[in-house]
Amino acid sequence: MRPHLPLISSHQGGRSALTCRFRCGDACFHEAPNTSGNPYFGEVLAGALSRRAVLGTAAVVTLASAAGASVLPAPEARAAGGGSGHGTRPGDGAKGLRFTPVPPNTADRVTVPPGYRQNIVIRWGEPILRGAPAFDAERQSARAQARQFGYNNDFLSLLPLERERGVAARRQILVANHEYTDEVLMFRGYDPDAPTREQVEIAWAAHGLSVVVVEEDRGTGALTPVPRHALNRRLTATSEFLLTGPAAGSELLRTSADRTGSRVRGTLNNCAGGTTPWGTTLHGEENFNQYFAHASSATDRRYGIGTGASERKWERFDPRFDVSREPNEPHRFGWVVELDPYDPDFTPRKRTALGRFKHEAAQPRLTADGRAVVYMGDDEKFDYLYKFVSSRRMRAGGGRAARAHNRTLLDEGTLYVAKLTGDSPAAEIDGSGKPPADGEFDGSGTWVPLATGDTSHVPGMSAEEVYVFTRLAGDRVGATKMDRPEDVEPSPRTGRVYVALTNNTDRGASGKAPADEANPRAANKHGHVLELAEYGDDPAAEGFAWRLFLVAGDPEDPATYFAGFPKERVSPVSCPDNVAFDPHGNLWISTDGARLGSHDGLFGVATAGERRGELKQFLTMPKGAETCGPVIQERRVLVAVQHPGEVDGASVEKPASVWPDGEGRVVRPSVVAVWREDGGAIGV
Ligand code: FEO
Ligand code: CA
Ligand code: CA
């Protein structure tokens, strides 16, 4: 019998008010900034005639000719027996998911399946660079923090380190994002109305990215940092970054401190990211709007930048955060950052060709001829799904010339936004989550080109405007308003692409876009996962077929769907956020703001075969924490425990969580490694 926890009332999306305040700048409590009257496809009647009206005749021909070969085939046959839900034997399940599921729970720890072990890889404040002192919560300094692991680890990447003989096989490079800071949980006596310069400068140093070499203990899956390694690196809110690509140098990017429009101090709100086939990492700058104060322009409003003071009051200490004084400074954030973890001298790049929005992540793949394709979500209610296709091809080999070439791939290509059309009559999508008469939420889609290099494809906007104000370009071409697109991940096995749509409680509200076939639930509080297949299996295709893979929530809720897998044999899941694939082709989903009476968790789900849709919870988080950055290796699962203890009313003096170090110690966001105690492969 699946344990059932009662539903609890909670903050928007299940998050604490503290999370909303510090992470998103209370995004849920402001009007969703997409107030464009752009058509959503609930208004678009299914059928060739109406498609002709919307897309034009040429597009209809393209879709029709492609449809026969590319409509997503029906899911394969269901498992005939052998329950694999809660409380069943670990041997059950798809390969890679054979573990006993962790039941929903509210324990203040990382809970893993029986037979698995864990260690804290690295905590906020641990020294990683030369000269860094040991962490001391009572004696923090900006100078120390700039040499220590940052706050609120989010995206994680593990890259092989092959060049060091002897220990090489046991060492990897860990790259981590530090999305934002929780000042009330960092500083004793923090006064949000009167932050001190030192507190602000510590926060600047606690943002950004970390590169730290980690070493595997012999005989276990435990990882520990290698302090002072030559590749270790910190990048913060004040480090140097270059703007590159077609909008670099634009007047829209110039400030009084940078007349070139190409050199930026810092990166902010790095949420999720991706690892490129050429050995670099990508980092999405997400809710950058919250750091800026006193905005007034319509373009700033479209990005949610406020008219008043900012939450953290940084504008008191650096005028560039005051938009009334430095109107172009916010244009220099909201990009995808590319970092080369193998080259400590490489100044990271903000790639303008990938557009400016609240970048959740950036997940690359290659076309058959070696061009780079990057999928990207804009994490805001009613915002859009994007992809970029490079014009040049990746060069193989790790030589200096190949690396230099590959590090320019993301500067030239075409940026697209997605428009999705359902194949069922709009009247059958009633907002309840009840499937339409054809039994599926599914349809086709087009990638609408926005700009290629210096050429704009959007009437009334120049190319540089398309890149800097990409949300407005999406509005103009009628992109589909989605339920907060978060991570987007192509399966390395099947090529199908999975889009986590975390939730949208405003869907169907008065004056807002109603439910449509790709976002079929009104007041969608649990989110869903969309699966798409590019036409012709070509990642650069301009059209795709799609269907909903998961409609999240309590499996006992009739408005949930698990790719047709028997619902009594899956774990409850809510608010899918970051996603990753394991070596077996299973999709792993981390959650943010789960509303089912359990702490957030990490889940694996089979995407193919008889077990397709079988979803099992692998671990749960401490109190207040969000699951981030999953990396699923053959023998190790790595997760970022982000904002533990972030609960309304909590502070250093009144902690809500004692993770990871127990009573009397400050709560610290940390990275956790999990492995099988018998040394075997995960879930096999
Ligand atoms: Fe930073 Fe969309 O999560
Ligand atoms: Ca349908
Ligand atoms: Ca996220």
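- Using modelled atom types, one side-chain atom of Arg349 and one backbone atom of Thr347 make a donor-acceptor pair closer than 3.5 Å.
- For the residue pair Asp487 and Tyr375, no side-chain donor N or O sits within less than 3.5 Å of a side-chain acceptor on the partner.
- The closest side-chain heavy-atom distance from Tyr535 to Glu542 is not below 4.5 Å.
- Contact detail for Val605 and Gly613: the closest heavy-atom pair is CG2-C, 3.7 Å.
- Remark: Gln642 CD to Cys628 SG distance equals 4.0 Å, nearest 0.5 Å.
- Remark: the backbone N or O of Lys381 is not paired with any side-chain donor or acceptor of Arg484 at under 3.5 angstrom.
- Judged purely by atom type and a 3.5 angstrom limit, Arg521 uses its side chain to pair as donor or acceptor with the backbone of Gly527.
- Considering every non-hydrogen atom in both Ala272 and Ala361, the closest pair reads CB-CB, 3.5 Å.
- A donor-acceptor pair under 3.5 Å is absent between the side-chain atoms of Ser574 and the main chain of Gly553, judged by distance alone.
- Distance check: Ser491 OG to Leu587 CG gives 8.5 Å after rounding to the nearest 0.5 Å.
- Counting heavy atoms from C-beta on, the side chains of Arg507 and Phe382 come closer than 4.5 Å.
- A side-chain N or O of Thr275 and one of Ser157 form a donor-acceptor pair less than 3.5 Å apart.
- The minimum heavy-atom distance linking Thr414 with Pro449 is given by the pair CG2-CB, 4.1 Å.
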Q: Determine, stepwise, if the pair Asn586 / Thr607 fulfils side-chain contact (heavy atoms from CB on, under 4.5 Å).
A: CA-CA 6 Å; Asn586 302 304; Thr607 60; 5.8 Å; no

Give the table of side-chain donor-acceptor pairs shorter than 3.5 Å for residues 392-400, with sequence neighbours excluded, one pair per line with atom names and distance.
residue, atom, partner, partner atom, Å
Arg393, NE, Asp369, O, 3.4

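- Leu159 places a side-chain heavy atom less than 4.5 Å from the side chain of Thr281.
- At a cut-off of 3.5 Å, with distance as the only test, a side-chain donor of Glu531 or Tyr498 sits close to an acceptor on the other residue.
- Residues Leu354 and Met376 are in side-chain contact: their nearest non-hydrogen atoms beyond the backbone lie under 4.5 Å apart.
- Between Val637 and Leu602, the closest side-chain pair of non-hydrogen atoms falls below 4.5 Å.
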Q.
Show, in sequence, the C-alpha distance, side-chain angles and deciding distance for Thr267 and His283, and conclude whether the side-chain contact (heavy atoms from CB on, under 4.5 Å) test is met.
A. CA-CA 9 Å; Thr267 187; His283 310 265; 6.0 Å; no

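- A donor-acceptor pair under 3.5 Å is absent between the side-chain atoms of Thr452 and the main chain of Thr455, judged by distance alone.
- Atoms OH and CD, from Tyr561 and Glu440 in turn, are 4.5 Å apart once rounded to the nearest 0.5 Å.
- A salt bridge does not link Arg302 to Glu380: none of the charged side-chain nitrogens sits closer than 4.0 Å to a carboxylate oxygen.
- For the side-chain hydrogen bond (donor to acceptor under 3.5 Å, both in side chains) test, residues two or more places apart in sequence or in another chain that qualify with Thr560 are Lys567.
- Contact check for Val264 versus Leu242: no side-chain heavy atoms found under the 4.5 Å cut-off.
- Put simply, the side chain of Asn269 gets close to the backbone of Asn287: a donor and an acceptor are under 3.5 Å apart.
- Here the side chains of Asp423 and Glu517 are in contact, with some heavy-atom distance below 4.5 Å.
- In the displayed structure, Asp537 atom CG is contacted under 6.0 Å by at most 12 heavy atoms of other residues, nucleotides or ligands.
- A salt bridge is defined here as a Lys NZ or Arg NE, NH1 or NH2 lying under 4.0 Å from an Asp or Glu carboxylate O, and Lys358 with Glu360 fails to meet this definition.
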Q: Apply side-chain contact (heavy atoms from CB on, under 4.5 Å) to the pair His178 and Ser210, showing each step before the final yes or no.
A: CA-CA 8 Å; His178 302 294; Ser210 285; 2.7 Å; yes

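- Exactly one residue among Asn503, Thr502, Asn524 makes a side-chain hydrogen bond (donor to acceptor under 3.5 Å, both in side chains) with Asp483. That residue is Asn524.
- The two residues Pro485 and Leu501 come nearest to each other via the heavy atoms CA-CD2, 3.7 Å.
- Just one of Thr446, Leu532, Val497 meets the side-chain contact (heavy atoms from CB on, under 4.5 Å) condition when paired with Phe544; it is Leu532.
- From Asn519, atom CG reaches atom CD1 of Ile429 across 10.5 Å, with rounding to the nearest 0.5 Å.
- For Thr244 and Asp411, the side-chain atoms include at least one donor-acceptor pair closer than 3.5 Å.
- Side chain to side chain, Trp546 and Asp442 fail the donor-acceptor criterion of an N or O pair below 3.5 Å.
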(Q) Run the side-chain contact (heavy atoms from CB on, under 4.5 Å) test on Tyr386 and Leu450 for me, step by step, so that the C-alpha distance in whole Å, both residues' side-chain angles and the decisive distance to 0.1 Å come before the verdict. (A) CA-CA 10 Å; Tyr386 296 85; Leu450 298 176; 3.9 Å; yes

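- The list of salt bridge (charged side-chain N to carboxylate O under 4.0 Å, His left out) pairs with a residue in residues 333-343, not counting sequence neighbours, reads Glu338-Arg351, Asp340-Arg403, Asp340-Arg407, Asp343-Arg407.
- For the residue pair Glu179 and Asn270, no side-chain donor N or O sits within less than 3.5 Å of a side-chain acceptor on the partner.
- Figure legend: cation-pi geometry between Lys350 and Phe333, with NZ or CZ positioned under 6.0 Å from the six-membered ring centre and within 45° of its axis.
- Residues Asp383 and Lys481 are not paired through a salt bridge, judged by the lack of any N-O separation under 4.0 Å between the basic side chain and the carboxylate.
- Between the side chain of Arg611 and the backbone N or O of Ala606, no donor-acceptor pair lies under 3.5 Å.
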(Q) Using the rule given for side-chain hydrogen bond (donor to acceptor under 3.5 Å, both in side chains), can you reason through Ser250 versus Glu464, listing the C-alpha separation, both sets of side-chain angles and the distance that settles it, and then say yes or no? (A) CA-CA 7 Å; Ser250 162; Glu464 63 192 53; 3.0 Å; yes

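- Side-chain atoms of Asp600 and Thr627 form no donor-acceptor pair, as typed in the model, at a separation below 3.5 Å.
- Between Trp588 and Phe618, the distance from one ring center to the other falls under 6.0 angstrom.
- With contacts defined as side-chain heavy-atom distances shorter than 4.5 Å, the pair Ser36/Arg471 does not qualify.
- For the atom pair CG (Leu158) and CG (Leu638), the distance works out to 5.0 Å, reported to the nearest 0.5 Å.
- With a 6.0 Å cutoff to the six-membered ring centre and a 45° limit on the axis angle, Arg356 counts as a cation-pi contact of Tyr303.
- Aromatic rings of Phe469 and His331 (six-membered ring for Trp) have centroids within the 6.0 Å cut-off, being under it.
- In this structure, the side chain of Tyr467 engages the main chain of Gly453 through a donor-acceptor pair within 3.5 Å.
- Using modelled atom types, one side-chain atom of Glu285 and one backbone atom of Trp335 make a donor-acceptor pair closer than 3.5 Å.
- Checked by atom type and distance alone, the side chain of Lys616 pairs as donor or acceptor with a backbone atom of Leu97 at under 3.5 Å.
- The nearest pair of heavy atoms linking Ala540 to Val389 is CB-CG1, 3.9 Å.
- Listed here is the closest heavy atom pair of Gly96 and Val684: N-CG2, 4.0 Å.
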